[in-house]
Novice: 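One structure, pasted below without further comment.
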Amino acid sequence: MADNNPETDSPIIIGCDHAAYALKDKVVEYLQSIGRSVEDVGTHGPSSVNYTDYGMKVASAISSGKNKCGILICGTGLGMSMIANRYPNVRAALCSESFSARMSRLHNNANILVMGARVIGESLALDMVRIWLETPFEGGRHLERIQMFETL
Ligand code: RB5
């Protein structure tokens, strides 16, 4: 399994829909402020779009190995997480509190963090992004478990 520790220098690919562009812009700003390079695939404004289009852009980049980690945000995070997890090699974790964001790295080696802009506020979102990026995968028995579902 390829190393996809978000601590690496791989550019973080990020996408959202109209419900989440304002939070996405804050996340991009935060990532740049900590020196991470970002590929922002949009959307960039409030006009209604299909979350699927943006979810597919990010998930396909992770699935193919073009990017090692990504962030997806829609209104609830539900649609983004559903579409992303259909792609091979994608482990998208929908999180709305910091404990799960941390555990999604430690135990699940999540390579996409998904959030709901209508569910959580900006400061929690940025805190989760920071924790998610700082937390390594534990490997060991957790690697075996991930490998089991990746062969489905
Ligand atoms: C858009 O209205 C909303 O459906 C979308 O952001 C998301 O919550 C879907 O799961």
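First listed ligand is number 1; within each ligand, the first listed atom is number 1. Every heavy atom of this structure was used, including side-chain atoms; hydrogens, water molecules and symmetry mates were not.
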Novice: Is there any ring pair (Phe, Tyr, Trp, His ring centres under 6.0 Å) pair reaching into residues 49-87, and which pairs are they, with sequence neighbours excluded?
Specialist: none
Novice: Going from CD1 on Ile131 to OG on Ser98, what distance comes out if it is rounded to the nearest 0.5 angstrom?
Specialist: 4.0 Å
Novice: Measure the CD-CD1 distance between Glu39 and Ile12 for me, rounded to the nearest 0.5 Å.
Specialist: 10.5 Å
Novice: Under a 4.5 Å side-chain heavy-atom rule over Ile, Leu, Val, Met, Phe, Trp and Tyr, are Ile13 and Leu113 clustered together?
Specialist: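 No; tracing contacts between hydrophobic side chains, which count when under 4.5 Å, never links both residues.
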Novice: Nearest 0.5 Å, what's the CE-CG distance between Met115 and Leu126?
Specialist: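 Rounded to the nearest 0.5 Å, the CE-CG separation comes out at 7.5 Å.
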Novice: Tabulated below should be the N or O atoms of ligand 1 paired with protein N or O atoms at under 3.5 Å; can you produce that?
Specialist:
| residue | atom | partner | partner atom | Å |
| --- | --- | --- | --- | --- |
| ligand 1 | 2 (O) | Arg118 | NH1 | 3.3 |
| ligand 1 | 6 (O) | Asp17 | OD2 | 2.6 |
| ligand 1 | 6 (O) | Gly75 | N | 2.7 |
| ligand 1 | 8 (O) | Gly75 | N | 3.4 |
| ligand 1 | 8 (O) | Thr76 | N | 2.9 |
| ligand 1 | 8 (O) | Thr76 | OG1 | 3.1 |
| ligand 1 | 10 (O) | Thr76 | OG1 | 3.4 |
| ligand 1 | 10 (O) | Gly79 | N | 2.9 |

Novice: Looking at Phe99, I want to see if its CZ is surrounded by more than 12 non-hydrogen atoms of other residues, nucleotides or ligands under 6.0 Å.
Specialist: no
